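The model shown is predicted, which means the values in this text are computed figures rather than measured ones. Letters go in sequence order (proteins before strands), and every chain restarts at 1.
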Number of protein chains: 2
Amino acid sequence: MFWARGYAGASIAELTEVMGINSPSLYAAFGSKEELFKEAVALYVATDDSCTLQMLEGDLTTRDSIAAMLAVNARSCLLPDRPSGCFLMIGATNGGPETDAAQQYLCDKRKDMAARIRARLERGVADGELPAGLNLDRIAAYFATVIKGMSIEARDGADAETLAAVARSAMFGWDAITSTQG
Amino acid sequence: MFWARGYAGASIAELTEVMGINSPSLYAAFGSKEELFKEAVALYVATDDSCTLQMLEGDLTTRDSIAAMLAVNARSCLLPDRPSGCFLMIGATNGGPETDAAQQYLCDKRKDMAARIRARLERGVADGELPAGLNLDRIAAYFATVIKGMSIEARDGADAETLAAVARSAMFGWDAITSTQG
DNA sequence: ACCTTTATTTAGTGATCGTCACAGAAAAGA
DNA sequence: TCTTTTCTGTGACGATCACTAAATAAAGGT
């Protein structure tokens, strides 16, 4: 529900109906809507989202691991029986001050993602695959931007082939991006 | 208000307070919250957003016009006294069924943007700058994805230099993207 | 079988949502 | 000046929001 409607758009009444419980049970188990949301996000990060970032952990070259991450993200934006796009990108964007905590929580998760991309780039520098002196923050920001954009693109109705092509296109500039010019 | 909080997050009470009127005046002038939102979006498209797509209309080469569009978009995501990011990307993403019309309206505007990028690419083919046989839809989807991602990146706190670097990075693969391989 | 503890249901809290009927004020035409 | 028209402010509509106190049912221990 949070994934499809967002934090503010998913009401307690809808949540309890889907969960098959009454609201007092929900509050006894989770404490508040905000806590329930955070647990849902944590579950998402531990399951669906882990596949994408897991591509950064293997024995692939730096370039191939980034490419694989983009490709996996493109696919996971259009899984059957799930809302389009990544939960972390679209789970809480709109809303008044009462949604600030949820928005900040997702923002932190997105920054974790960028940090892990940056860590993979650092490993590439340490392995000698990438030259020293690169501005790794900016390179990581570029790939994070593409990933974020793909979620909106998926919500707008892009098909799997288009998203896969976007992932490939984002890699075409790899050699120039990873040259020492920033 | 819609830009900062989104369609569902901006209440009539907040809107009327900012506008300095009472709700009956708002309904007499615009008819409904949805109509007011559409007028606000139309105003945004005609003013702030026009600067970005205007880069596609000049005498620049296809490559330079796309690069200029990305650069202008990067700057307009972080204007002072305005919410971060593009209104079309973040104005209505969350919410229940009653926000579907607003979401669809913004989605159509985003597709207009992609269509204009595609039209610029077509002009490039007609001018002989780009080879024939390219899958222009996918190329346009790539640049649209980068633009969409930059808005989330801006909301997440990226500074102007980072966004400008992202815009440059997105252009590094231009030659490969515009080769006849799709 | 009895008591204690846990879980679920019913019902309702005040607040806020988008929207509008109605009354009173201001402006315009004669 | 009087009437007609347009506009603005007051107040309230039913619905829904997140959240919870009190009552009822179930489960576990002895």
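Sorted by residue number, the members of residues 17-27 of chain A with any non-hydrogen atom under 4.0 Å from DNA chain C read A:N22, A:P24, A:S25.
Heavy-atom nearest nucleotides on DNA chain D were determined for A:A13 and for A:G31, and the one closer to the 5' end corresponds to A:A13.
Summarising the geometry, the separation between CD on A:E98 and P on C:dT16 is reported as 10 Å, rounded to the nearest angstrom. Rounding to whole angstrom units, CD1 of residue B:I12 and C1' of D:dA12 are separated by 16 Å. To the nearest angstrom, P of C:dC17 lies 10 Å from CZ of B:R5. Atom NZ of B:K33 is separated from atom P of C:dT16 by 15 Å (rounded to the nearest Å). Rounded to an integer number of Å, the gap from A:F37 CZ to D:dC17 P is 17 Å. Atoms CG (B:L36) and P (C:dG18) sit 11 Å apart, rounded to a whole Å. Look at CG on A:L15: it is 13 Å from C1' on D:dC19, rounded to the nearest Å.
Taking A:K111 as the reference, nothing meets the salt bridge (charged side-chain N to carboxylate O under 4.0 Å, His left out) condition, with sequence neighbours excluded.
Side-chain N/O atoms of A:D159 and A:T162 include a donor and acceptor closer than 3.5 Å. For the 3.5 Å distance criterion, the side chains of B:D64 and B:T61 qualify, holding a donor opposite an acceptor. A donor-acceptor contact closer than 3.5 angstrom is absent between the side chains of A:R123 and A:T62. When only modelled atom types and interatomic distance are considered, A:T99 and A:Q103 share a side-chain donor-acceptor pair under 3.5 Å.
Residue-level contact check: B:A8 touches neither bases nor backbone, having no heavy atom under 4.0 Å from any strand. Using a 4.0 Å heavy-atom distance criterion, A:A10 is classed as a sugar-phosphate-only contact.
Atom CD of A:E129 sits in a crowded spot, with more than 12 heavy atoms from other residues, nucleotides or ligands closer than 6.0 Å.
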